[in-house]
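Read through the structure below, which is laid out as structure tokens, and then see the notes.
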Amino acid sequence: MKYSYAEMAGMIDHSLLHPTMTDQELEEGCRVAVAYGVASVCIKPYYARRAAELLKGSGVKLGVVIGFPHGNSTTEVKRFETETACRDGAVEIDMVINIGKALSGDWDYVGSDVRAVADEAHEHGAKVKVIFETITWRRRRGT
């Protein structure tokens, strides 16, 4: 298959999640996303409101990570974080499942956690992606 530049760019989620990124770097990252016409910017929750301002009218969607990077927040904290992110302009929510609960096989907990975030996001018209942090899993498994 051959894709045009615009089609390829429209498939990219531009992640701005490094823990040491400054506000200036986040702002520049949003401007780069707009310039290249990527599908979305995935941002830290505290920067969502400013990112929404920078992306307004560009066609670049705003995604916010929830429970990042290990999914260890309680379900209610994730739900509230989702509510806040949506209120601040997020239209995509990338939530991290609780890795310890998944490794323990507590899929009822994991399912309830995902359902709470998805229900909150959908109330605001946002889509949800679920993240399994597999790098952490490999370290634990010793591979």
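The first residue of the sequence shown is numbered 1, and numbering continues consecutively from there.
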With sequence neighbours excluded, what pairs up with [X] under the salt bridge (charged side-chain N to carboxylate O under 4.0 Å, His left out) test?
X    : result
K127 : none
K101 : D106
R87  : none

Hydrophobic clustering (ILVMFWY, side-chain heavy atoms < 4.5 Å, transitive) - are [Y] and [X] grouped together?
X   : Y    : result
F80 : V128 : no
V32 : L62  : yes
V77 : M95  : no

The criterion is side-chain contact (heavy atoms from CB on, under 4.5 Å); which residues satisfy it with [X], sequence neighbours excluded?
X    : value
S104 : none
D23  : L26, Y46, Y47
S4   : A6, E7
V96  : F68, I131, E133

Let me see the working for V34 and L54 under side-chain contact (heavy atoms from CB on, under 4.5 Å), right down to the final yes or no. CA-CA 9 Å; V34 170; L54 294 168; over 6 Å; no
For [X] and [Y], which heavy atoms make the closest approach, and how far apart are they?
X    : Y    : value
N98  : V110 : O-CG2, 4.3 Å
M21  : L17  : SD-N, 3.9 Å
G67  : E81  : N-OE1, 3.1 Å
Y109 : S73  : OH-O, 4.5 Å
A85  : I66  : CB-CD1, 4.4 Å
C42  : V65  : SG-CG1, 3.5 Å

May I have all residue pairs that pass salt bridge (Lys or Arg N to Asp or Glu O under 4.0 Å) and include part of [range], sequence neighbours excluded?
range            : answer
residues 36-58   : E27-R50, R49-D88, R50-E53
residues 109-118 : K78-D113
residues 90-99   : E92-K129, D94-K129

Set out, in order, the CA-CA distance, both residues' side-chain angles and the distance that settles side-chain contact (heavy atoms from CB on, under 4.5 Å) for V41 and L16, then state yes or no. CA-CA 7 Å; V41 168; L16 301 171; 3.7 Å; yes
Under 3.5 Å, sequence neighbours excluded: what are the donor-acceptor pairs made by side chains of residues 116-123?
from, atom 1, to, atom 2, distance (Å)
E120, OE1, R79, NH1, 3.0
E120, OE2, H124, NE2, 2.8
H122, ND1, A118, O, 3.2

So do the side chains of [X] and [Y] get within less than 4.5 Å of each other, counting heavy atoms only?
X   : Y    : result
I97 : V130 : yes
C86 : I93  : yes
C30 : L55  : yes

Shared-cluster residues of M11, by chain and number - hydrophobic side chains joined below 4.5 Å: M1, Y3, M8
Atom CD of E76: over 12 foreign heavy atoms under 6.0 Å: yes
Does V60 offer a backbone N or O that forms a donor-acceptor pair with the side chain of S58 under 3.5 Å? yes
